Amino acid sequence: MQKPSIPKGTRDFGPIQVNRRNYIFDTLRRVFVKYGYQPIETPVMENLSTLTGKYGEEGDQLLFKVLNSGDFLRKVNDADYQEGNYKKMTFQISEKGLRYDLTIPFARYVVMNQNDIAFPFKRYQIQPVWRGDRPQKGRYREFYQCDVDVVGSDSLINEVELTQIYDEGFAALGIDVVIKMNNRKILTGIAEAAGIPDKMMAMTMAIDKLDKIGIDGVKDEMRRKEINETAIDTIENILNIKDFSELEDFFKDSETGLKGVEEFRTVVGYLKEIDLKNEVVFDITLARGLNYYTGTIYEVAAKDVKIGSIGGGGRYDDLTGTFGLKGVSGVGVSFGAARIYDVMEELDIFPDSTAAGTQLLFVTFDEASFDYAFNALQTIRKAGINAEIYPTPTKMKKQMKYANARKIPYVAVVGDNEMQAGEVALKNMQTGEQENLTVLDLVAKLTQ
RNA sequence: GUAGUUGUAGCUCAGUUGGUUAGAGCGCUGGAUUGUGGUUCCAGAGGUCGCCGGUUCAAAUCCGGUCUUCUACCCCA
């Protein structure tokens, strides 16, 4: 008999973990709803054509493809097979893929349902996504994301509110975070100021690593990407500035750069008037990989745990454009549920209430006491108390051990004495104290 | 995809230069205790040493391959 296993990078979730994860979802959901966002869900599978080309070449590699049903070899081009051209063949044997994030499916949803949607459309979505990554710390192949996006509004007030949602959401969970912000237009401005607009992507990827590899590492990386020395000097000077307002001196000839600074100033202006619990910082080195961002970009890092980012997002001016709906701007942020879980576990800040399940277990000795207890159980449940009965009247030790293992706080023992008195013996499993009560008194005690 | 790392009982792990019948703790089952768990004592069950192949009189141990775990790079939540 083979030992069972689950695919690499996936995990089972036991009762405790699911309760805790639901606690995270419930907490965030309350915040999302408070700010006027509505829930949607999309299928786990999308057409492969919907997903490919949206996440860069790396992203395409990390997509899980679903093999066509039936004779999937029928459509394979023999020449491609002979050449060993697996990339072309991929699309001949697979037409569907598992979603890689929630943003692209959302864009697809907006385009398909544009006639029924009242814009600006504010939606939240809590569903798992899949990536064919090598698993390691804080990286899984299946994980939940909680996305909040608004489409159909250019207003920077959305950026402000999403910052608030981050702040309020993490505060509600009890995680101290730094909310890092930047603007893609500022990054474009840097590339233009350095005279290398065509190398903007290579440049941002390099400076994104600043805190990891240092300024010399960044410069080496840019040299490898064939960025010239004068440009590197200019970029280094810009990276050294302290306040984003100083950027304007560098951006005299970069319209986009100036626009980015202006946008950023507007957002910061609003944020100053709001009482935030977490730190919000301007981080010029923040780049982020997804290439559809065009304006504000966000990234959230936990202060007390080293685990990479636990949230990210940004503004994308033309996300729905690839699906045929032009001129609709969107902005959104994502909460990385799996990493948030890991952080909360490491900090040990899950509230005890997340473990709450059964409150009361009935323990019985024989058929007569079982019937009596089963009857009482119905009354208890009608009163809204989570309760169960050990399904067979067996040895008391066994039943008590079960209650203990399940961390059930109260046990109601029913034997001859109790039945005769019309009572149950209620035992507090934490203190060991025991008292005899009628079922009505029991309800009163447990509902107070 | 590259580099390193891990795999032995349900779980966490020992296992010496290759040498008879592979161990411990926890957990599980039964008993001490016919109405009291979380503490104690006794007994028992439970293993294809990841998988395939090789070296050897002899492999958990050495060699090769493969899968897996974790970590770093790449990229990202």
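Just so it is clear, the structure is predicted and the values come from calculations on it, not from any experiment. To find a chain, count down the sequence lines: A is the first, B the second, and so on, and within it residues start at 1.
You'll find that the side chain of A:Q434 is closest to B:rU36, out of B:rC28, B:rC76, B:rU36. Distance from the side chain of A:R139 is smallest to B:rA77 among B:rA3, B:rA77, B:rC28. In the set B:rU36, B:rC75, B:rG38, the nucleotide with an atom closest to the side chain of A:N404 is B:rG38. Out of B:rG38, B:rG30, B:rA77, the shortest distance to the side chain of A:K395 is found at B:rG30. Set against B:rG30, B:rG37, B:rA77, the side chain of A:M400 has B:rG37 as its closest nucleotide. Of the candidate nucleotides B:rA77, B:rG35, B:rU68, B:rG35 has the atom nearest to the side chain of A:V413. Picking from B:rC74, B:rG37, B:rA77 the nucleotide with the shortest atom distance to the side chain of A:Q136 gives B:rC74. Here the side chain of A:K427 is nearest to one of B:rA77, B:rG35, B:rU36, namely B:rU36.
Nearer the 5' end of RNA chain B, as judged by each residue's closest nucleotide, is the contact made by A:T10, out of A:G311 and A:T10. For A:E433 and A:L62, each mapped to the nucleotide of RNA chain B holding its nearest heavy atom, the one lying further toward the 5' end belongs to A:E433.
Using a 4.0 Å heavy-atom distance criterion, A:S334 is classed as making no nucleic acid contact. Counting non-hydrogen atoms under 4.0 angstrom, A:K397 reaches a base of the nucleic acid. Within 4.0 Å (heavy atoms only), A:Q430 reaches at least one base atom of the nucleic acid. When heavy atoms are screened at a 4.0 angstrom cut-off, A:E221 is found touching no nucleic acid atom at all. Nucleic acid contact class of A:Y140 (heavy atoms, under 4.0 Å, all strands): base. Here A:G415 lies in heavy-atom contact (under 4.0 Å) with a base.
Taking the six-membered ring for Trp and thresholds of 30 and 60 degrees, A:Y55 and A:Y100 have ring planes inclined between 30 and 60 degrees apart.
If you take OG1 on A:T52 and CZ on A:F91, they are separated by 4.5 Å, rounding to the nearest 0.5 Å.
Dashed line: the shortest gap from a side-chain N or O of A:K209 to OP1 or OP2 of B:rC75 is under 4.0 Å.
Summarising the local packing, CD of A:Q136 is surrounded by more than 12 heavy atoms from other residues, nucleotides or ligands at distances under 6.0 Å.
Looking at heavy atoms from C-beta onward, A:F13 lies out of side-chain contact with A:Y341 at the 4.5 angstrom threshold.
Residues A:T358 and A:R406 share a closest heavy-atom pair of OG1-NH2, 3.2 Å.
Side chain A:N417 to base B:rG35: a donor-acceptor pair is found below 3.5 Å. Side-chain atoms of A:R134 come within donor-acceptor range of the base of B:rU2, with a qualifying N/O pair under 3.5 Å.
Protein atom CE of A:M205 is 7 Å distant from nucleotide atom C1' of B:rC75, rounded to whole Å. One atom, CG of A:L361, and another, C1' of B:rG35, lie 15 Å apart when rounded to the nearest Å.
Taking atom C1' on both B:rA14 and B:rA60, the two are 12 Å apart, rounded to the nearest angstrom.
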